Amino acid sequence: MAKKALIIGAGPAGLTAAYELITKSEDMEVIVFEESDCFGGISKTVSYKGNRMDMGGHRFFSKIPEVNTWWDNMLPMQGAPAYDDIQLERNVSLTENGPDPEKEDHVMLKRPRVSRIFFNQKFFDYPISLKWETFKNMGLLTDIHVFFSYLASVIHKREEKSLEDFYINRFGKKLYSMFFEHYTANLWGRHPSEIDPSWGAQRAKGLSVMAILKDMFGKLLPGKKNRKVETSLIEEFKYPKLGPGQLWDVTAEEITKHGGIIYKNAKVTRIHKNDDNLLTGVTYEMNGQEYTMDGDYIISSMPIKDLIAGMNDVPDTPKRIAAGLPYRDYLTLGVLVPRLSLKNKTNRRTIGNIIPDNWVYVHDRNVAMGRFQIYNNWSPYMVKDIENTVWVGLEYFVNEGDDFWNMSEDEFAKMAIKEMVAINLIESEDIVIDYHEEKVKKAYPAYFDTYAEMDTLVDYLKSIDNLYCVGRNGQHRYNNLDHSMVTSFETVKNILSGSKDKSNIWSVNTEKEYHEEAKENEVD
């Protein structure tokens, strides 16, 4: 008898689970419920008057073979140069018999990675690197302060009770105060001393002053190398021609081709549980009507807070923990301008000679802006007129309902464009051609408040045999794209094998070296 899987959310984790289930099982009925009218979740791509916006910037890079094979299957790697590579006569690695991005849209590009920190009107490498330009930009007195501060952190290690302790142990107090304290507080709306250190453990695995020194000087040492390469130090990444949402649009098409059903604008409001602690189905709202559908398996990528709130008969402790889980929301403003004021002083050539960064981390304490993206550098096909315009995405980390969130689009744009002038990104507000705002709720699951009791909540979720929590919000974990997909790979393996043990699903991206590091010869 055919089984039915109900999947909540058509983001990367939800669509990956749907595709894997429908292609690897013979008699599984798969239904996906998506609250919005588009695919990809926070990995969606928004098109505005021919210019495309990436919600947060998504590098497609993984050391997990299964993930890379999956991506290549959906969008094959380019076999000919992209538009900007042609114009700049830039060498790029190509795949034999791969599609030509100038002629076909279903193609994954290979893009150069440049991400820097903007601090005191100067650029610093991201992550911070110990090279002459860094020391020169900081100045001699600051260099001395950084050195002794780091030395003190080596001699006396703090007990890591907070994210602040985590960063000071690895970089020293001075570098922490310059490059981590303000940015982290801006990102999360909380001081790092209030945030669980596990967030840093996930986002900066192996990254420290000593790690950077080893990375710099290890190349000079003779003998067999066994150096680890960190994901935050990669120089190239894959990127869909038309932005990250393109991959999920293609995936959704494949799911429906194989017989899967995807409901858009379908908001799951209740999850039904019986006396045997098994889920029996969901209730959802669509077109102003309420419907209920039964199912044998529930795969949820919706925020845990909403999942538990919509479930009946949840004990008081997990209900309280879930209700207290915090999130950070996201506002971005796409701004179209004819040029940028910041000068390209690198040896990387770009169309219009704009700075080559994919995104820039703004560490200026005088503005609320957290980062800005330059969509021209992600893909030349993200910009309608790449020869004559620059399409910039200004990113702000906010809380739903706060002053920024409640601003009108014009009010928010006026404020953000003033900040562009303040940091010398553009010379004047008058040069702005157009702008467009996007809001994303619960973009970042946060690591404070009741997160400290997360293990108790996970134990409860595991106890429901036919419930599988996947993805960033589904597990309340700051997963990268590939890790979100792997939670779905593991889920489907469990469903098809009949395994009740979910430790493999919840262990993704928690173990120290789980899929995050690879030996050098595995990467090359």
Side-chain angles (χ1 to χ4, degrees), residues 10-24 39-41 43-45 52 54 57-85 90-113 229 231 234-258 260 358 378-382 470-471 479-493 508-509 514-524:
L15 290 179
T16 298
Y19 180 81
E20 290 294 293
L21 265 181
I22 207 154
T23 57
K24 292 186 176 177
F39 303 122
S43 294
K44 68 181 179 181
T45 300
R52 292 178 168 83
D54 181 346
H58 292 84
R59 288 180 293 143
F60 286 70
F61 177 83
S62 182
K63 294 170 183 172
I64 307 168
E66 191 176 2
V67 171
N68 284 305
T69 299
W70 204 93
W71 287 341
D72 291 345
N73 180 51
M74 291 295 175
L75 289 175
M77 290 302 302
Q78 68 186 94
Y83 178 81
D84 52 354
D85 297 324
R90 190 165 58 193
N91 290 327
V92 60
S93 54
L94 302 174
T95 299
E96 188 175 357
N97 299 320
D100 181 348
E102 283 289 276
K103 298 176 182 177
E104 300 179 49
D105 284 342
H106 278 54
V107 54
M108 189 81 81
L109 307 179
K110 181 69 71 70
R111 305 300 294 171
R113 170 210 177 266
V229 180
T231 58
I234 63 164
E235 295 185 357
E236 281 188 329
F237 59 90
K238 301 174 181 179
Y239 196 74
K241 174 183 173 178
L242 301 178
Q246 182 187 13
L247 176 71
W248 305 113
D249 290 342
V250 170
T251 302
E253 289 173 9
E254 291 297 316
I255 291 167
T256 54
K257 281 180 188 176
H258 284 84
N358 308 111
W378 286 96
S379 164
Y381 308 102
M382 296 282 281
V470 296
N479 285 325
N480 285 330
L481 173 61
D482 57 344
H483 292 123
S484 291
M485 293 177 65
V486 171
T487 62
S488 293
F489 291 160
E490 296 299 315
T491 288
V492 172
K493 289 173 187 175
V508 174
N509 198 23
Y514 187 94
H515 290 325
E516 183 71 21
E517 299 175 349
K519 292 181 181 178
E520 186 175 52
N521 59 5
E522 292 172 339
V523 177
D524 294 343

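The shown structure was predicted, so the numbers you read here are calculated from the model rather than taken from an experiment.
Scanning all heavy atoms of the two residues, the minimum distance from L15 to I255 falls at O-CD1, 3.5 Å. When every heavy atom of M74 is checked against every heavy atom of V250, the shortest pair comes out as O-CG1, 3.8 Å. Of all heavy-atom pairs spanning S62 and D482, the tightest one is OG-OD2, 2.8 Å. Shown here for S484 and N479, the closest heavy-atom pair between the two residues is OG-CB, 3.5 Å. Heavy atoms only, all atoms of each residue included: G471 and T487 are closest at N-OG1, 3.0 Å. Heavy-atom minimum distance, I22 versus G260: CD1-N, 3.0 Å.
Atom OG1 of T16 and atom CE of M485 lie 4.0 Å apart (nearest 0.5 Å). Within the model, atoms CE of M77 and CG of L109 stand 7.0 Å from one another, a figure rounded to the nearest 0.5 Å.
Sorted by first then second residue, the salt bridge (Lys or Arg N to Asp or Glu O under 4.0 Å) pairs that include residues 75-85, not counting sequence neighbours, are D84-R90, D84-R111, D85-R90. The side-chain hydrogen bond (donor to acceptor under 3.5 Å, both in side chains) contacts involving residues 64-82 comprise Y19-N73, E20-W70, N68-K238, D72-K238, where partners must be two or more places apart or lie in separate chains.
Considering only residues two or more places apart in sequence or on other chains, E253 meets the side-chain contact (heavy atoms from CB on, under 4.5 Å) condition with H106. Partners of K103 by salt bridge (charged side-chain N to carboxylate O under 4.0 Å, His left out), not counting sequence neighbours: none found. Residues that satisfy the ring pair (Phe, Tyr, Trp, His ring centres under 6.0 Å) test with Y239, not counting sequence neighbours, are W378.
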side-chain contact (heavy atoms from CB on, under 4.5 Å) for Y381 and E102? Distances and angles first, verdict last. CA-CA 9 Å; Y381 308 102; E102 283 289 276; 2.6 Å; yes
Take V508 and F489 through the test side-chain contact (heavy atoms from CB on, under 4.5 Å) and record every step on the way to the result. CA-CA 10 Å; V508 174; F489 291 160; over 6 Å; no
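At a threshold of 4.5 Å between non-hydrogen side-chain atoms, the residues R52 and S379 do not count as touching. Looking at heavy atoms from C-beta onward, N480 lies out of side-chain contact with F61 at the 4.5 angstrom threshold.
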Ignoring hydrogens and angles, write down the donor-acceptor pairs under 3.5 Å from the side chains of residues 240-248, residues two or more places apart or on other chains.
{"from": "K241", "atom 1": "NZ", "to": "P101", "atom 2": "O", "distance (Å)": "2.7"}
{"from": "K241", "atom 1": "NZ", "to": "E104", "atom 2": "O", "distance (Å)": "3.1"}
{"from": "K241", "atom 1": "NZ", "to": "D105", "atom 2": "OD1", "distance (Å)": "2.7"}
{"from": "Q246", "atom 1": "OE1", "to": "K241", "atom 2": "N", "distance (Å)": "3.4"}
{"from": "Q246", "atom 1": "OE1", "to": "L242", "atom 2": "N", "distance (Å)": "2.9"}
{"from": "Q246", "atom 1": "NE2", "to": "D105", "atom 2": "O", "distance (Å)": "2.8"}

